[in-house]
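Heads up: the structure comes next, in structure tokens.
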Amino acid sequence: VQLQASGGGLVQAGGSLRLSCTASEGTFSRYAVGWFRQAPGKDREFVAAAAWTSGMTWFADSVKGRFTISRDNAKNTVYLQMNSLKPEDTAVYYCAANLYRIPMTTALANDWGQGTLVTVSS
């Protein structure tokens with residue numbers, strides 16, 4: 001599946017952004033979806049994931065209580081709502097999908113979007 005991430009930008013610490021990941025395929029509900037991020041000089045890391053249709057979600061400890069993930073399968077879109085942003089959240093954010101497994105590691109992410117840059121100023 002082809003994925004398109006959008007919604008990044010520059011925001012001050014404490015602010016909010018909502019990222020979107022839109023899929024080209026009409027049966028997006030078949031895919032579990034995850035968000036990852038990569039800061040300069042660091043490895044890509046897991047941020048959040050959502051199951052196919054159950055509503056189950058998972059989050060990295062670093063974003064628990066601040067980020068939420070939701071999906072609108074009718075719109076083939078997954079959202080990452082990011083609140084109380086911190087400078088350490090600055091990174092390129094990627095969405096990823098997997099038909100059979102929850103993409104909670106990069107190894108489980110079969111399809112990737114192109115990334116959207118989030119910059120949080122202090």
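Scope of the values below: all heavy atoms of this structure, side chains included, with no hydrogens, waters or symmetry mates.
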Shortest non-hydrogen pair, P103 vs A32, comes out as CD-CB, 3.7 Å
Separation between CD (Q4) and CG (N76), nearest 0.5 Å, reads 13.5 Å
Value for OH (Y100) from CG (N98), rounded to nearest 0.5 Å, stands at 9.0 Å
Minimal heavy-atom distance between A50 and W58, with the atoms involved, is C-CZ3, 4.2 Å
Using side-chain heavy atoms (C-beta onward) and a distance below 4.5 Å, is S16 in contact with Q81? yes
**Request:** Consider only side-chain heavy atoms of I, L, V, M, F, W and Y, link residues closer than 4.5 Å, and tell whether L108 and L3 are in one cluster.
**Result:** no
The salt bridge (charged side-chain N to carboxylate O under 4.0 Å, His left out) partners of R30 (sequence neighbours excluded) come to E25
When every non-hydrogen atom of L80 is compared with those of A48, the smallest separation belongs to CD1-CB, 4.0 Å
Handout entry: Row check, Y94 ring normal vs R37 NZ/CZ: under 6.0 Å, within 45°
Key = no
Can you find a heavy atom in the side chain of Y93 that is under 4.5 Å from one in the side chain of L117? no
The reported gap from CD1 in I69 to SG in C21 (rounded to nearest 0.5 angstrom) is 8.5 Å
To the nearest 0.5 Å, atom OG of S84 lies from atom CZ of R66 at 7.0 Å
| query | Would you find a donor on one side and an acceptor on the other, under 3.5 Å apart, between the side chain of T90 and the backbone of P87? | reply | yes
Would a hydrophobic clustering, with Ile, Leu, Val, Met, Phe, Trp and Tyr connected at side-chain separations under 4.5 Å, put V1 with Y79? no
Mark yes or no for whether T116, through its side chain, and S6, through its backbone, hold a donor-acceptor pair below 3.5 Å.
no
Should we say atom CD of Q2 is surrounded by more than 12 heavy atoms from elsewhere, each under 6.0 Å from it? no
Connected via hydrophobic side-chain network under 4.5 Å: F67 and I102: no
### No-hydrogen, no-angle side-chain donor-acceptor test under 3.5 Å, T77 and T22
yes
So OG1 of T68 and CG of N83: to nearest 0.5 Å the spacing works out to 6.5 Å
task: State whether D89 and K86 are salt-bridged, where the test is any N-O pair (Lys NZ or Arg NE/NH1/NH2 against Asp/Glu carboxylate O) under 4.0 Å.
output: no
CH2 of W52 to CG of L99, rounded to nearest 0.5 Å, is 9.0 Å
Charged tip of R44 within 45° of W112 ring normal and under 6.0 Å: yes
Closest heavy-atom pair, V78 versus R71, reported as atoms and distance to 0.1 Å, is CG2-CB, 3.7 Å
**OP:** Answer yes or no: is there a side-chain heavy-atom contact under 4.5 Å between F28 and D72?
**Re:** no
Following the transitive rule for hydrophobic clusters with a side-chain heavy-atom cut-off under 4.5 Å over Ile, Leu, Val, Met, Phe, Trp and Tyr, establish whether M56 and M104 coincide in one cluster. yes
Tightest non-hydrogen contact, residues A39 and A91, listed as N-CB, 3.8 Å
### Whether Q38 side chain and E45 backbone form a donor-acceptor pair below 3.5 Å
no
Note: L85 and M82 closest approach over all heavy atoms is CD2-CB, 3.8 Å
Could you label the plane-to-plane angle of the F36 and F46 rings as parallel, tilted or perpendicular, counting under 30° as parallel and over 60° as perpendicular?
perpendicular
